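Here's the structure, in structure tokens; my notes come after.
Position 1 is the first residue of the sequence; numbering continues from there. All values reported here derive from a predicted model rather than from experimental measurement. What's counted below: heavy atoms across the whole structure, side chains too, no hydrogens, waters or symmetry copies.
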Amino acid sequence: QVQLVESGGGLVQAGGSLRLSCAASGSIPRFNVMGWFRQAPGKQRELVADITEGGSTSYVDTVKGRFTISRDNAKNTVYLQMNSLKPEDTALYYCNFYSHGNDVWGQGTQVTVSS
């Protein structure tokens, strides 16, 4: 069983930066993908970015060039560096761990960007 613990959310002004972290613990299966999703009030949850064990990444178009996802496999931790934040980035951000057809979710961390 994999458990995820997120940290790093908060309140920031537009143009500012935040860094989210998510540490996975427990029995960590190989061949996994870790990522960040977000959900704003009244909207569907969307994939923000993900990264494979090998380091391949993907991003939603709206964050390309502003957000960077990375991971430390030795620490089973994934990071999301968010720069040039916009009010529309305000959402509850969830860490996700996917492997062999199974999804594990973190508890969510709030990111609020003021204009």
#### Entry: Verdict with reasoning, Ile28 to Phe97, per side chain to side chain contact (heavy atoms under 4.5 Å, CB included)
CA-CA 10 Å; Ile28 308 295; Phe97 182 99; 3.9 Å; yes

## Note on the structure
residues 8-22 vs side chain to side chain donor-acceptor pair (under 3.5 Å), sequence neighbours excluded, gives Ser17-Asn83

### Message
Test: disulfide bond (SG atoms under 2.5 Å apart). Region: residues 22-115. Which pairs qualify, not counting sequence neighbours?
### Response
Cys22-Cys95

### Query
Ile51 and Ser70: which non-hydrogen atoms are nearest, and at how many Å?
CD1-CA, 3.9 Å

### Task
Quick one: list whatever passes salt bridge (Lys or Arg N to Asp or Glu O under 4.0 Å) with Lys43, sequence neighbours left out.
none

### Message
Could you work out, with side chain to side chain donor-acceptor pair (under 3.5 Å) as the rule, every residue matching Gln39, not counting sequence neighbours?
### Response
none

### Message
Checking the side chain of His100 only, and the main-chain atoms of Arg30 only, is there a donor and an acceptor separated by less than 3.5 Å?
### Response
yes

## Note on the structure
The reported gap from CZ in Phe67 to OG1 in Thr57 (rounded to nearest 0.5 angstrom) is 14.0 Å

#### Entry: ring pair (Phe, Tyr, Trp, His ring centres under 6.0 Å) involving Tyr59 - partner list, sequence neighbours excluded
none

Could you pull out all donor-acceptor pairs under 3.5 Å where a side-chain atom in residues 85-94 meets a protein atom, sequence neighbours excluded?
unit_1 : atom_1 : unit_2 : atom_2 : d
Asp89  : OD1    : Arg38  : NH1    : 3.0
Asp89  : OD1    : Arg66  : NH2    : 3.0
Asp89  : OD2    : Arg66  : NH1    : 2.7
Asp89  : OD2    : Arg66  : NH2    : 3.4
Asp89  : OD2    : Lys86  : N      : 2.8
Thr90  : OG1    : Pro87  : O      : 2.9
Thr90  : OG1    : Val113 : N      : 2.9
Thr90  : OG1    : Val113 : O      : 3.4
Tyr93  : OH     : Arg38  : NH1    : 2.9
Tyr93  : OH     : Asp89  : O      : 2.6

### Task
Determine whether the side chains of Asp50 and Ser58 contain a donor N or O and an acceptor N or O closer than 3.5 Å.
yes

### Step-by-step side chain to side chain contact (heavy atoms under 4.5 Å, CB included) determination, Asn102 to Val2
CA-CA 10 Å; Asn102 297 313; Val2 176; over 6 Å; no

### Query
If two hydrophobic side chains count as joined below 4.5 Å and joins carry through other members, does Trp105 share a cluster with Leu47?
yes

### Query
Under 4.5 Å between any side-chain heavy atoms of Val78 and Ile69, yes or no?
yes

### Task
Compare every heavy atom of Ser27 with every heavy atom of Pro29, then report the nearest pair and how far apart it is.
CD-O, 3.2 Å

### Query
To the nearest 0.5 Å, what is the distance between OG1 (Thr109) and CG (Leu18)?
9.0 Å

### Query
Taking a hydrophobic cluster as the set of Ile, Leu, Val, Met, Phe, Trp and Tyr residues connected by side-chain heavy atoms closer than 4.5 Å, whether directly or through intermediates, do Val33 and Trp36 fall within one such cluster?
no

### Message
With a 3.5 Å distance limit and no angle check, can you tell me whether Gln110 reaches the backbone of Gly108 through a side-chain donor-acceptor pair?
### Response
no

### Query
Should Asn96 and Arg45 count as side-chain neighbours, where that means a heavy-atom distance under 4.5 Å?
no

### Message
Around atom CD of Gln107, are there more than 12 heavy atoms from other residues, nucleotides or ligands closer than 6.0 Å?
### Response
yes

### Message
I need the Met82 CE to Thr68 OG1 distance, nearest 0.5 Å.
### Response
11.0 Å

### Straight-line distance of Met34 CE to Asp72 CG, nearest 0.5 Å
10.5 Å

### Hphob cluster co-occupancy, Leu80 + Val12, side-chain heavy atoms under 4.5 angstrom
yes

